[in-house]
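Please read the structure below before turning to the comments.
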Protein chains: 2
Amino acid sequence: MNKPVSTKKTAGLGQKRNRDVNTKRILTAAEQCFAQLGFKGATMQAIADLSGIPKANLHYYFSSKEVLYRKVIEDVCEHWLAAAHFFDETDDPAEALAGYIGAKMDQARNRPNGSKVWAMEMLSGAPVIDGYLQGALKPWLDQRTRKIEHWISQGKMDAIDPRTLFYMIWATTQHYADFSQQIYVLNDNKALSDGQFEQAKQQVSQIILVGVGLGGETFDD
Amino acid sequence: MNKPVSTKKTAGLGQKRNRDVNTKRILTAAEQCFAQLGFKGATMQAIADLSGIPKANLHYYFSSKEVLYRKVIEDVCEHWLAAAHFFDETDDPAEALAGYIGAKMDQARNRPNGSKVWAMEMLSGAPVIDGYLQGALKPWLDQRTRKIEHWISQGKMDAIDPRTLFYMIWATTQHYADFSQQIYVLNDNKALSDGQFEQAKQQVSQIILVGVGLGGETFDD
DNA sequence: GTCTATAACCGGATAGAC
DNA sequence: GTCTATCCGGTTATAGAC
């Protein structure tokens, strides 16, 4: 749909930059295609059309469809971790959880396709992402689980199972990206407005915080 | 993988029954294949192998891959509604929500592939399921939204947004089916045991009920 | 580095014997 | 009703001109 940044050889200085730009365009288009259609369903032709880069050039930048897919997944993983650190910015459980939930909600809103690719991968049994789950996500979760257990032992929050809590946070926040079509229909065939989304964000935070015994001053209105 | 119920013509009485059995086997295999691989990724050959029925016979029972897929989706929709009525079995908000959450959790555990096909459809933008969302799910949600608002006006529960609550319930319960691979890895590469699952069920109920101001006696242990 | 044309392959669907 | 063999369209990937 879009025009490629430069056709034919512009040989010389701006070339590496050109390569980066094209690579980025391809990755963005691929993320969208894979998100909606799955690995098999997305075609190189569709990715080419969407990115505005000829199909054969995709194979110039990425040796195969699978290599392209793995690169998309890698980016999504990095993106996941980007929100993860919000949990550690404070030692107050209410602040940590509210900050983390807010960050995950914003991610779902701002980069829904990343969330969808992740979901697709999980549905497929995580063939590509598996190593990342073991090597990065599991250690992250184990550590935060201990942090929550510590807060519980200090009487700062209710004695809930930390894993259930995290699964709930992940599921709920990612739902706003992954099931956006369902939300769209249930919202009278209208996308959530910024106001509606902000309200949802506040509500999700409120219900979860209150649910784990942190029902303090977490609302805005 | 499995052997077909009967090869060659057994002509006569048991035939219609035979047809039903084969149809059922195909649908079960198809549900699994579509859940893991998406519409395009699942091949008629794979469905044939898994059901133990020759590929050509699939086309005898279902005229095309799309017809087969639509039938799978229909079954999944019926299944969705099957849990929906648990919400209406009582006028007590805590009982209604706990019963509904429990039913949805059990569904996720007992028929994960149904949940995955649903999720896949949503990620793809719900091309097939759209009419059902408009015609059945939206009315259902609108009605239950009013019920919750009624309870809120009676002071029986906190003034939360009913939609956010339902999205949270759907997302969290379905997470146990859709993201089972992630849960598997995070649970030390072991599937959740029955005990772990029951605990998760209780925890989800507890956090949500407490979260909306229904923190009474909802636990077992 | 880029693009057009094509090779090689695979999957859905059908024809036609039994 | 069931199964084997086959056709045809579509997809990935590459060869080779520019």
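Proteins get letters first, then strands, A, B, ... in listed order; numbering begins at 1 in each. All figures in this text were calculated on a predicted structure; none of them were measured in a lab.
Side chain to side chain, A:Gln202 and A:Gln206 meet the donor-acceptor criterion of an N or O pair below 3.5 Å. B:Tyr61 and B:Asn22 share a side-chain donor-acceptor pair at under 3.5 Å. A side-chain donor-acceptor contact under 3.5 Å links B:Glu121 and B:Tyr69.
A:Lys55 places its NZ atom 7 Å from the P atom of D:dT12, with the value rounded to the nearest Å. Straight-line distance from the OH atom of A:Tyr60 to the P atom of D:dA15: 16 Å, rounded to whole Å. For the pair A:Met44 CE and C:dA5 P, the computed distance is 20 Å after rounding to whole Å. Note: CG (A:Leu58) to P (D:dT12) measures 10 Å, nearest angstrom. Rounding to whole angstrom units, OH of residue B:Tyr61 and P of C:dA13 are separated by 18 Å. Note: CG (B:Asn57) to P (D:dT4) measures 9 Å, nearest angstrom.
At the heavy-atom level, A:Ala42 lies under 4.0 Å from the strands shown only through sugar-phosphate atoms.
A salt bridge links A:Lys138 to A:Asp142: at least one charged side-chain nitrogen sits closer than 4.0 Å to a carboxylate oxygen.
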Indicate every side-chain donor-acceptor pair of residues 168-177 of chain A with a distance under 3.5 Å to a residue at least two apart or in another chain.
from, atom 1, to, atom 2, distance (Å)
A:Trp170, NE1, A:Tyr100, OH, 2.8
A:Thr172, OG1, A:Met168, O, 2.8
A:Thr173, OG1, A:Ile169, O, 2.8
A:Thr173, OG1, A:Trp170, O, 3.2
A:Gln174, OE1, A:Lys104, NZ, 3.1

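Look at B:His59 and you'll find a side-chain N or O under 4.0 angstrom from OP1 or OP2 of C:dA13.
Of the residues in residues 62-75 of chain B, none has a non-hydrogen atom less than 4.0 angstrom from any atom of DNA chain D.
When the ring pair (Phe, Tyr, Trp, His ring centres under 6.0 Å) test is applied to A:Phe166, the partners found at least two apart in sequence or on another chain are A:Phe87, A:Trp140.
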